Structures are given as C-alpha cells and as structure tokens.
Amino acid sequence: LGLSWRINSVMWSIQIELFVIPLLPLAVLATQRMAGRQALLVLGGLCALAVLLMNRVDARPVAYLYCFYIGILIPHAAEAPVLRPFFSPPLVATCLAVSFVFYAIHVGAAAKHILDALISAQILICVLRSRGGARHLRHRWLVAIGDASYSLYAFGQITMILIAFSLFT
C-alpha cells in the first residue's frame with residue numbers, strides 16, 4: 001500500500017527505479033551484443049511505447065524504460081564515429097534551442113520527456129568528449145559534492161519509503 005501509485009504518487013520516480021533496477025544488467029548485456037541499428041530500433045520501440053503508455057499511471061515503469069536505455073547507450077554513442085557530429089557544441093546548442101521551441105508550442109508530455117532525455121544524453125557526451133569538460137567533471141571536489149548529494153538523495157528516498165510504509169500499511 002505504501003508504494004501504491006494512487007496513495008503515494010510523489011514516489012513515482014522511485015517506483016520506476018525499483019522496477020528497472022533488476023532489468024538493467026540484462027539490458028546492458030543485450031545492448032553489448034547488438035549492432036548499432038538494432039540498438040536504435042530498440043530505442044525507437046521504447047520511445048513509441050512511452051508515447052502510448054505515458055498517460056497510464058500504472059504503466060509508468062514501462063513507459064520510462066526508454067530513459068534508462070538511453071543511459072545504457074551513452075558509452076556506445078560516444079564512441080560511434082558516425083554519431084560524432086551530433087555531439088558537437090553547435091549542434092548541441094541547436095538542439096537545446098529546438099527544445100525551447102517545442103516547450104513554447106506545448107508539445108505533448110511524452111514527446112517532451114523523450115526530447116529531454118535525448119538532449120541530456122547529447123549534452124553529457126559533448127561535455128565528456130571535451131578535454132576541459134571531462135577534466136572539470138573529474139575534479140575531486142566536484143566528485144565529492146556529487147557523491148554527497150547522491151547519498152543525501154538516496155538516504156532521503158529510503159526515509160520517505162519507510163515513512164510511507166509506516167503511514168499506509
């Protein structure tokens with residue numbers, strides 16, 4: 001009851017993470033064995049599934065699989081010579097501008113979320129491929145701040161789940 005979509009709706013992102021965590025190792029193994037075109041077909045299928053299921057509350061974990069899959073594809077995409085032009089700073093800036101236009105014309109929620117995930121991956125790869133960006137992200141103080149903030153996030157989520165279970169069960 002504490003993890004019910006209807007009673008504890010603020011926990012939806014954690015519920016999605018709990019659903020996906022057991023699937024991640026299998027997805028990584030499967031992706032390592034796929035050709036690039038196959039990976040893109042899977043991504044396209046997951047994005048289509050997201051569009052179909054995004055408004056169904058009980059199907060959210062399945063609807064957001066594309067987001068985790070994009071994360072799995074980041075290392076492969078960063079190394080693919082054919083994709084290098086997509087990670088250039090001018091193209092990243094252009095895609096960000098296009099995303100602002102999409103928001104201004106109130107594109108649907110599913111398309112907005114998919115676009116956000118794709119552009120976020122594009123930005124990550126662009127920064128990681130740049131010498132200065134990667135060096136900056138690996139600075140020990142920035143790593144320490146990231147570790148501390150994620151630890152607080154993780155501890156906060158555990159605390160919220162325990163409180164939800166104690167209140168609703």
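This is a predicted model, so every value here is computed, not measured.
Here I70 contributes atom CD1 and L118 contributes atom CG; the two are 4.0 Å apart, rounded to the nearest 0.5 Å.
Grouping the Ile, Leu, Val, Met, Phe, Trp and Tyr side chains by contacts below 4.5 angstrom, directly or via other members, places I125 apart from I72.
For the pair C126 and P89, the minimum side-chain heavy-atom distance is below 4.5 Å. Inter-residue side-chain proximity for F102 and K112 is flagged as unmet; no heavy-atom pair is nearer than 4.5 Å. Under the 4.5 Å side-chain criterion, counting only non-hydrogen atoms from C-beta, C95 is in contact with Q122.
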Which pairs of donor and acceptor atoms, one on a side chain in residues 73-86, lie under 3.5 Å apart (sequence neighbours left out)?
none

Under 3.5 Å, which donor-acceptor pairs do the side chains of residues 21-35 form with other protein atoms, sequence neighbours left out?
residue, atom, partner, partner atom, Å
T31, OG1, A27, O, 2.7

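Contacts of L128 classified as side-chain contact (heavy atoms from CB on, under 4.5 Å), with partners at least two apart in sequence or in another chain: L137. Residues passing the side-chain contact (heavy atoms from CB on, under 4.5 Å) test with H139, sequence neighbours excluded: W141, L142. With sequence neighbours left out, the side-chain contact (heavy atoms from CB on, under 4.5 Å) criterion links I123 to V92, L96, I119, V127. Among residues two or more places apart in sequence or in another chain, the side-chain contact (heavy atoms from CB on, under 4.5 Å) test is passed with C47 by L43, Y66, I114.
The only member of L53, V20, V42 that meets side-chain contact (heavy atoms from CB on, under 4.5 Å) when paired with L65 is V20.
Taking all atoms of both residues into account, the shortest heavy-atom contact from A110 to A50 is CB-O, 4.2 Å.
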Query raised in the report: Is there a side-chain contact (heavy atoms from CB on, under 4.5 Å) between V62 and F19 once you walk through the steps?
Result: CA-CA 9 Å; V62 176; F19 173 78; 4.1 Å; yes
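Hydrophobic cluster of V143: no remaining members, since no ILVMFWY side chain lies below 4.5 Å from it.
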